[in-house]
Amino acid sequence: MTEQQKVYPVAEEFAANAWADNEAYLSLYQRSVDDPEGFWAEQAESLDWFKAPTKIKNTSFAASNVDIRWFEDGELNAAYNCLDRHLETRGDQPAIIWEGDDPGQDKTITYRELHAEVCRLSNALKEMGVTKGDTVTLYMPMIPEASVAMLACARIGAIHSVVFGGFSPDALAQRVVDAQSRVVITADESVRGGKHVPLKDNVDAAMTRDGTDIVDKVLVVRRTGGEIEWHDDRDAWYHEWVDRQSSECPAEKMNAEDALFILYTSGSTGRPKGLKHTTGGYLLYAALTHRYVFDYHEGEVYWCSADVGWVTGHSYIVYGPLANGATTLMFEGVPSYPTHGRLGEIIDKHQVSILYTSPTAIRALMAHGENIMDSSQRDSLRVLGSVGEPINPEAWSWFHRVIGNSRCPIVDTWWQTETGGIMITPLPGATDLKPGSATRPFFGVRPALLDNEGNVLEGATSGNLVLLDSWPGQARTIWNDHERFVQTYFSPYEGVYFTGDGCRRDEDGYYWITGRIDDVLNVSGHRMGTAEIESSLVAHSAVAEAAVVGYPHDIKGQGIYIYVTLGDDVEPSEELRKELTQWVRKDIGPIATPDVIQWAPGLPKTRSGKIMRRILRKIAANECEGLGDTSTLADPSVVDELIEHRANR
Ligand code: WTA
């Protein structure tokens, strides 16, 4: 039997102590789709409301009127739910355990301490003139101040926009301008794998770009003490502004539909889009999924290894766990530093019960052999989780056997920046596991598979994954561009939300996500728009045209393969290849570093001038047999030329 056909049944003792066994899952799921209003009204009682909602669900997916509201007359504050309500019962329990890049550095912050620090920063932001409804951009390392900053914004009703610390100054500037942030919070440097990344220098560079003069304060956390430039009129030290503030600050009463944050993500075309998430539905969905999917129990240490710059960090390092009063571990570094045993050593050191990580991290470790786990026991582990891309069955088994000592269920969680929280996933006490399958929908989630004409497909089949009805964690719109929100998600198929993913459903009703069916790449679990990389390349004077596709990559899942047509008088060379690689890296950020650049005298195009990416993808994957129909090409000979000089064989 191959790994893919194996089934890992739920252990009885696990089911007996879990939040949900299979029976509970089935009946709660049924209830959630039969009576969404009743189900979510009941779940909403798990949050603390200043004013409890009486209107529960008011949502429309009709393209002519996309309008999504949950709990619309309720009032609450996300930071209050993550902090204040825990003070009486677990004020002295660790809220955040921080593990530094250097194994000798760590820090524990209790709920009481976190509350006080968030209040101080809230007061500092107020002193800077930040008020309810303003946006604040965060460009931070993986340090507790990142969570503090998110919660401080939430506390005073400001909307945070976290930009991943690996993005370039241009990418940062673009997002600051789109969100119109007056305040940016950053650090002098971040530290990863022993290397320092000059965050503040990047902010300085971003602040020279058009439109960023709206920023009047840059608040800087001193992380390393590294040398930075200082602009007296604009820059402010975090410790100078925060330490002198009062540790009390009232939590602003927010409507459930007030924005909590914006988060930018890549689409198939155009610039990154700022998805807007709101307060009540998002928080409830993050908290409920965190509790059920990871079977979180009081007192456990939970570790999500994502970066706070991505949605996974928002929902499952900060909001979900803290709303549930959990102890959330935050790791500054990388799993391979100083040695490949680091991940296991952190688990032992902090007695981690639940580990949520990515296939790409697992594959990177796998490449170094099982012995790397000899330096740890990992006996504290109880549940493992995976997110970001399809997990191949080999990586699944390695995760299960080598990291989890063949003892722990793995929850393979499918979701998106747009969904706010986990959508298709096993529950560890309820779902028999099949390696590579995200299995079944979470409460309230109604997946369906459509053919290209929009017909609903039944039974065991493959198709385009859509969601038939709204759930509370759903993004409400794209910042400044509701039309694009409608176009992207609700126009491809009338009346449903289109995910952009392809998917198979098996005879047990289990879902197997097969990956993006649009022009979005998934590189090491990071979403990259091909159009973004292409427009970066054509901005280089040597480049006439560029086409970017993904190709299978052993560790990253997908690698970035670029076809470049040079300008008339430009000669290809190794130097130019290096220069273009650096160009994209600098323009977008290291995560967009090209893996392969192939010189392409011509690109395969239809007679109407459209690039046939299907063909480019096949050549990049070294699948040159059966390229399918090439008869619509304007010049079929370009294909032979590309095949002959393909770079991946
Ligand atoms: C992919 C990350 C297969 C998918 C939370 C989706 C997955 C995109 C899985 C969203 C999974 C995420 N199995 N594919 N378990 N999880 N994806 O917005 O293509 O960064 O559409 O959100 O990642 O990426 P995003």
Side-chain angles (χ1 to χ4, degrees), residues 29 32-37 39-40 55-70 72 257 265-278 281-282 285 414-424 438 440-505 509 511-520 527 529 531 608 610 613-614:
Y29 180 75
S32 75
V33 293
D34 289 348
D35 176 19
E37 300 246 353
F39 176 84
W40 289 111
K55 296 184 186 157
I56 305 303
K57 179 176 190 286
N58 181 4
T59 64
S60 159
F61 280 5
S64 57
N65 172 39
V66 173
D67 192 4
I68 300 156
R69 301 167 199 227
W70 286 87
E72 61 184 302
E257 282 300 331
T265 191
S266 295
S268 47
T269 56
R271 303 182 141 218
K273 40 199 183 191
L275 272 318
K276 172 178 137 178
H277 282 283
T278 58
Y282 169 81
Y285 198 75
W414 174 83
W415 59 295
Q416 314 178 296
T417 305
E418 293 84 344
T419 70
I422 294 167
M423 300 292 282
I424 300 183
R440 305 186 290 190
F442 189 73
F443 308 141
V445 174
R446 294 177 54 202
L449 302 181
L450 304 188
D451 66 15
N452 289 338
E453 282 67 52
N455 304 303
V456 177
L457 304 168
E458 305 289 346
T461 186
S462 294
N464 304 315
L465 179 64
V466 301
L467 300 161
L468 300 178
D469 198 0
S470 183
W471 61 99
Q474 179 170 28
R476 304 304 195 245
T477 190
I478 292 173
W479 196 250
N480 294 330
D481 204 348
H482 190 63
E483 190 45 40
R484 189 172 174 203
F485 185 65
V486 175
Q487 282 303 323
T488 310
Y489 306 107
F490 301 93
S491 299
Y493 304 106
E494 177 56 36
V496 300
Y497 168 86
F498 176 50
T499 65
D501 281 315
C503 182
R504 177 167 76 81
R505 186 172 49 220
Y511 290 86
W512 303 70
I513 311 295
T514 49
R516 303 292 304 192
I517 48 188
D518 52 14
D519 292 326
V520 173
R527 265 167 80 163
S608 59
K610 198 168 171 311
R613 289 170 187 281
R614 178 176 58 79

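Please read these numbers as outputs of a predicted model, since none were measured by experiment.
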- [ ] Could you tell me whether the side chain of Ser32 and the main chain of Phe39 form a donor-acceptor pair under 3.5 Å?
- [x] no
Open item on the list: Is it true that, when you exclude Arg516 itself, more than 12 heavy atoms of the residues, nucleotides or ligands shown sit nearer than 6.0 Å to its CZ?
Closed with: yes
- [ ] Mind listing the closest non-hydrogen atom pair of Pro441 and Tyr511 along with its distance?
- [x] CD-CE1, 4.2 Å
Task: Heavy-atom closest contact (Phe498 atom, Leu465 atom, distance) - done: CD1-O, 3.9 Å
Open item on the list: Using modelled atom types and a 3.5 Å cut-off, is there a donor and acceptor pairing between side-chain atoms of Glu72 and backbone atoms of Lys55?
Closed with: no
Open item on the list: So, taking the atom named CD in Glu483 and the one named OG1 in Thr477, what distance separates them when rounded to the nearest 0.5 Å?
Closed with: 10.0 Å
Task: Contact check, side chains of Arg527 and Thr417, non-hydrogen atoms, under 4.5 Å - done: yes
Open item on the list: With heavy-atom distances below 4.5 Å as the criterion, would you say the side chains of Gln416 and Thr499 are in contact?
Closed with: yes
TODO: Would you kindly say whether Trp70 and Thr278 are connected by a side-chain donor-acceptor distance under 3.5 Å?
DONE: no
- [ ] Identify the two heavy atoms, one from Pro447 and one from Leu467, that lie closest to each other, and give their separation to 0.1 Å.
- [x] CA-CD2, 3.8 Å
Task: Donor-acceptor pair, side chain of Tyr282 and main chain of Gly421, under 3.5 angstrom - done: no
Task: Side chains of Thr59 and Lys57, donor plus acceptor under 3.5 Å - done: yes
Open item on the list: Evaluate Ile517 against Asp501 for side chain to side chain contact (heavy atoms under 4.5 Å, CB included), listing each step before the verdict.
Closed with: CA-CA 5 Å; Ile517 48 188; Asp501 281 315; 5.9 Å; no
Task: Heavy-atom pair of closest approach, residues Ser266 and Val520 - done: O-CG2, 4.3 Å
Open item on the list: Taking Glu257's backbone N and O only, do any of them form a donor-acceptor pair with Arg476's side chain (distance below 3.5 Å, no angle check)?
Closed with: no
TODO: Take Asn452 and Tyr493, measure what side chain to side chain contact (heavy atoms under 4.5 Å, CB included) needs, and give me the verdict at the end.
DONE: CA-CA 9 Å; Asn452 289 338; Tyr493 304 106; 4.1 Å; yes
Open item on the list: What I'd like to find out is whether the side chain of Leu275 reaches to under 4.5 Å of the side chain of Ile478, using heavy atoms alone.
Closed with: yes
- [ ] Would you check if Leu468 and Phe61 make a side-chain contact, meaning some heavy-atom pair closer than 4.5 Å?
- [x] no
Task: Gap separating the CH2 atom of Trp471 from the CH2 atom of Trp415, nearest 0.5 angstrom - done: 12.0 Å
- [ ] Rounded to the nearest 0.5 Å, what's the gap from CH2 on Trp479 to CZ on Phe485? Could you check?
- [x] 13.5 Å
Task: Closest non-hydrogen atom pair between Ala63 and Phe490, with its separation - done: CB-O, 3.9 Å
TODO: Taking the side chain as every heavy atom from C-beta outward, state whether Leu449 and Ser462 have any pair of such atoms under 4.5 Å apart.
DONE: no
Task: Pair Tyr497, Gln474: side-chain N/O donor-acceptor within cut-off below 3.5 Å - done: no
Open item on the list: Quick check: do Thr488 and Lys273 have side-chain heavy atoms less than 4.5 Å from each other?
Closed with: yes
Task: Separation of Tyr29 OH from Arg446 CZ (nearest 0.5 Å) - done: 7.5 Å
- [ ] Of all the heavy-atom pairs spanning Ser470 and Ile68, show the shortest one and how long it is.
- [x] OG-CG2, 3.5 Å
Open item on the list: When you compare the side chain of Trp414 with that of Met423, does any pair of heavy atoms fall below 4.5 Å?
Closed with: yes
